[in-house]
Amino acid sequence: MDAQRKVALVTGITGQDGSYLAEFLLAKGYDVHGIIRRASTFNTRRLDHIYRDPHNGDEVHLFLHYGDIGSSGNLAEIIRQVQPDEIYHLAAQSHVRVSFDLPDYTGDVTGLSTVRILEAIRHAGVKTRFYQASSSEMFGAAPPPQNERTPFQPQSPYAAAKLYAYWVTRNYREAYGIYACNGILFNHESPRRGETFVTRKITRAVAGILAGRQKHLYLGNLNARRDWGYAPEYVEAMWLMLQQDQPDDYVIGTGEAHSVREFLDEAFGYVGLDWNDYVRIDQRYYRPTEVDYLLADARKARNQLGWIPRLGFRELVRIMVDADMELVGLDSPGEGRQILSKQFDWHRWQDQSISMEQRT
Ligand code: NAP
Ligand code: G4F
């Protein structure tokens, strides 16, 4: 291994954010180590395009380790072996509705896993920087817009678990001087979004209906409003947080919110369909307590990190619908593809240097 290369360890590397973060860090010249769960089927689908097989004689900078964030010993051993410069803790039971069905499991995996990693860092004495994937869901019932000073009012076992992880991250920063940051990220989506989150459920349904594979789309509360951004931009914010002189906590979001109903308008409208003809309400998708309105005030990230989102809601929806149509073998309208090639040249990330003046 090249001693000059920085080393990152990513939990949740097989997830939406983990896969984008791995790409981003590789493009920045890191060696990236990821923790993956042993599963009976392949769960590395989102990483296939960046995986290199050492047996082919390829230069390898992505390394995968079997592990589970429920196991302290396993995490400590991986951290001891890898000696990372930066740890990004993204793994979680990340579905809010599911957390009502699995509250104690979610508390363990989404909440306690953070203290497992922080304890491993402390005991191993590894000089590493730590990123905690905190969530806007922690704001819950707090009125919008929400920023770093907004009092939290969690509305689900998921949010309560994330809140524990948030506070323990701050506590280890203050008590033990660990460079530990909370990224309080608002919803961010992409063609790699898990299929049961509402945005992806909708864009897949548009494609399924057009392909004649699906007749209806069953949803819950259409009135909830979310601040939806584009996931690849959000992993850059994670990295920026760990490059500052001092550790801190940051809200990340677009500053624009839309309802689920508006997402339906945009996604179905893009391909000339009226969602009212296809959407049915199913009470099963309602939550015992809902979060009505999340809207980021991300001025701190803009001013201190120089982070600003480039893609808006309309573009995001087009990118996702195009991708899902292509996945089922349909020609897409292509506006999403065009936006990506014009505005978001992923592979130029490593050379991209947007000056602070441009961004603030
Ligand atoms: P995701 O797609 O659901 O990915 C979750 C990752 O965690 C997957 O790699 C999953 O592995 C892994 N994982 C789950 N349980 C595990 C366990 N016991 N041991 C090891 N790995 C485990 O989530 P995401 O959207 O990328 O989000 C990343 C993080 O940011 C999560 O912590 C989420 O709660 C938080 N967050 C997300 C958003 C958002 O809008 N996306 C906003 C705020 C915060 P498998 O692939 O094997 O399932
Ligand atoms: O897409 P969702 O499941 O995302 P939610 O609950 O906002 O959580 C996501 O964002 C959080 C950040 O704020 C993350 F921390 C978390 O890990 C996850 O990534 O639901 C969005 C809204 C909700 O109000 C929900 O009630 O859509 C509403 N909704 C309506 N029908 C539905 C459905 N959500 C889902 N998943 N499925 C439905 O059929």
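All values reported here derive from a predicted model rather than from experimental measurement. For ligands, and for the atoms within them, numbers begin at 1 and follow the listed sequence.
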Checking salt bridge (Lys or Arg N to Asp or Glu O under 4.0 Å) between Glu86 and each of Lys127, Lys6, Arg129, which is the one that passes? Lys6
Correct closest heavy-atom pair for Val60 and Arg52 would be CG2-O, 3.8 Å
Give the numbers and elements of all ligand 1 atoms closer than 4.0 Å to a heavy atom of Ile69. 16 (C), 17 (C), 18 (N), 19 (N), 20 (C)
Atoms in ligand 2 with a heavy atom of Ser135 nearer than 4.0 Å: 11 (C), 12 (C), 13 (O), 14 (C), 15 (F)
What closest approach, in Å, do Ala237 and Ile252 show between heavy atoms, and which atom pair accounts for it? CB-CD1, 3.6 Å
For ligand 1, which atoms, with element, lie under 4.0 Å from some heavy atom of Gln16? 2 (O), 25 (O), 26 (O), 41 (N)
Taking the six-membered ring of Tyr20, is NZ or CZ of Arg192 closer than 6.0 Å to its centre and within 45° of its axis? yes
Numbering as shown, the atoms of ligand 2 that approach Val96 to under 4.0 Å (heavy-atom distance): 6 (O), 8 (O)
Which heavy-atom pair separates Ser19 from Gln16 by the least distance, and what is that distance? OG-O, 2.9 Å
How far is atom 14 (C) of ligand 1 from its nearest protein heavy atom, and which residue and atom is that? Ala92 O, 3.3 Å
Sole candidate of Ile35, Thr44, Leu21, Leu64 that passes side-chain contact (heavy atoms from CB on, under 4.5 Å) when paired with Ile13: Leu64
Measuring from the heavy atoms of Arg97, does anything fall under 4.0 Å of ligand 2? no
Give the atom numbers and elements of ligand 2 that come within less than 4.0 Å of a heavy atom of His95. 36 (N)
Whether over 12 other heavy atoms sit under 6.0 Å from Arg149 CZ: no
Nearest protein heavy-atom contact for atom 11 (O) of ligand 1: which residue, which atom, what distance? Thr14 OG1, 3.3 Å
Suppose we measure from atom 23 (C) of ligand 2 to each protein heavy atom; which comes out shortest, and what is that distance? Arg226 NH2, 3.5 Å
Among Gly194, Ser94, Ala231, Ser156, which one has a heavy atom closest to atom 17 (O) of ligand 2? Ser94
Strictly distance-based, threshold 3.5 Å: is any side-chain N or O of Glu189 a donor or acceptor partner for the main-chain N or O of Ala231? no
Tyr176 six-ring face occupied by Arg122 cation (under 6.0 Å, within 45°): yes
I need the Arg284 CZ to Tyr218 OH distance, nearest 0.5 Å. 9.5 Å
For atom 34 (O) of ligand 1, which protein heavy atom lies nearest, and how many Å away is it? Tyr158 OH, 2.6 Å
Test of understanding: given a 4.0 Å heavy-atom threshold, classify the contact between Leu219 and ligand 2 as side chain, backbone, both, or neither. both
For Tyr234 and His188, take the angle between the two ring planes, folded into 0 to 90°, and tell me which bin it lands in: parallel under 30, tilted 30 to 60, perpendicular over 60. parallel
Tell me which one of Gly12, Ser94, Gly15 gets a heavy atom nearest to atom 23 (O) of ligand 1. Ser94
Distance to 0.1 Å, residue and atom name: give those for the protein heavy atom nearest to atom 19 (O) of ligand 2. Arg193 NH2, 2.9 Å
Per-atom contacts of ligand 2 with Leu294, taking only distances under 4.0 Å to non-hydrogen atoms: 13 (O)
When the ring planes of Tyr278 and Phe268 are compared, do they come out parallel, tilted or perpendicular, using 30° and 60° as the limits? parallel
Is Arg37 touching ligand 1 with its side chain, its backbone, both, or neither, if touching means heavy atoms under 4.0 Å apart? side chain
Quick one: nearest non-hydrogen protein atom to atom 20 (O) of ligand 2, plus distance? Arg287 NH2, 3.5 Å
Suppose I only count heavy atoms of Ser136 and a 4.0 Å limit; which atoms of ligand 2 are within that range? 12 (C), 13 (O)
Just let me know how Ser134 lines up against ligand 1, side chain, backbone, both or neither, with a heavy-atom cut-off below 4.0 Å. backbone
Tell me which protein heavy atom sits closest to atom 39 (C) of ligand 1, plus the residue, atom name and distance to 0.1 Å. His188 CE1, 3.3 Å
Counting only N and O atoms by type, is there a donor-acceptor contact under 3.5 Å from the side chain of Asp227 to the main-chain atoms of Ala296? yes
Residue, atom name and distance, where the atom is the protein heavy atom closest to atom 36 (N) of ligand 2: Thr196 O, 2.9 Å
Flag the pair Arg116 and Asp108 as a salt bridge only when some basic side-chain nitrogen lies within less than 4.0 angstrom of an acidic carboxylate oxygen. yes
Top protein contact for atom 26 (O) of ligand 2, by heavy-atom distance: Glu290 OE2, 2.6 Å
Which residue owns the protein heavy atom closest to atom 43 (C) of ligand 1, what's the atom, and how far is it? Leu185 O, 3.1 Å
Nearest-contact summary for atom 31 (N) of ligand 2 - protein heavy atom, Å: Gly220 N, 2.8 Å
How close does the nearest protein non-hydrogen atom get to atom 27 (O) of ligand 1, and which residue and atom is it? Asp17 OD2, 3.7 Å
Under 3.5 Å, which donor-acceptor pairs link side chains of residues 207-215 to any protein atom two or more places apart or in another chain?
unit_1, atom_1, unit_2, atom_2, d
Gln214, NE2, His216, O, 3.0

If you have a sec, work out which protein heavy atom is nearest atom 1 (O) of ligand 2 and how many Å separate them, to one decimal? Val198 N, 2.8 Å
Lys/Arg N to Asp/Glu carboxylate O, Arg318 vs Glu266, below 4.0 Å: yes
If we only consider heavy atoms of Tyr158, is any one of them less than 4.0 Å away from an atom in ligand 2? yes
Give the atoms of ligand 1, by number and element, whose distance to some non-hydrogen atom of Lys162 is under 4.0 Å. 31 (C), 32 (O), 33 (C), 34 (O), 35 (C)
Residues that Glu195 engages under salt bridge (Lys or Arg N to Asp or Glu O under 4.0 Å), provided they are two or more places apart: Arg45, Arg200
Atom indices of ligand 1, in the order listed, that fall short of 4.0 Å to a heavy atom of Arg193: 25 (O), 39 (C), 40 (O), 41 (N)
Among Thr110, Leu90, Val10, closest by any non-hydrogen atom to atom 29 (C) of ligand 1: Leu90
A side-chain contact here means heavy atoms from C-beta on lying under 4.5 Å apart; do Val32 and Phe63 qualify? no
In terms of its nearest heavy atom to atom 39 (O) of ligand 2, the top option of Lys162, Gln93, Lys201, Glu137 is Lys201
Under a 4.0 angstrom heavy-atom cut-off, which atoms of ligand 1 come close to Asn187? 40 (O)
Provide the number and element of each atom of ligand 2 under 4.0 Å from a heavy atom of Ala224. 24 (O)
Can you find an N or O of Leu222 that's nearer than 3.5 Å to an N or O of ligand 2? no
Quick one: does any side-chain atom of Lys28 pair with a main-chain N or O of Glu23 as donor and acceptor, under 3.5 Å? no
Basic-acidic side-chain contact under 4.0 Å: Arg337, Asp322: no
Please confirm whether the backbone N or O of Tyr158 pairs with a side-chain atom of Ser99, one donor and one acceptor, at under 3.5 Å? yes
Give the single entry among Thr199, Asn187, Asn221, Val98 that approaches atom 28 (C) of ligand 2 most closely by any heavy atom. Asn221
Heavy-atom contact under 4.0 Å between His188 and ligand 2? no
May I ask you to identify the nearest protein heavy atom to atom 30 (O) of ligand 1, giving residue, atom name and distance to one decimal place in Å? Ala133 CB, 3.5 Å
Among all protein heavy atoms, pick the one closest to atom 18 (N) of ligand 1 and tell me residue, atom and distance. Asp68 OD1, 2.9 Å
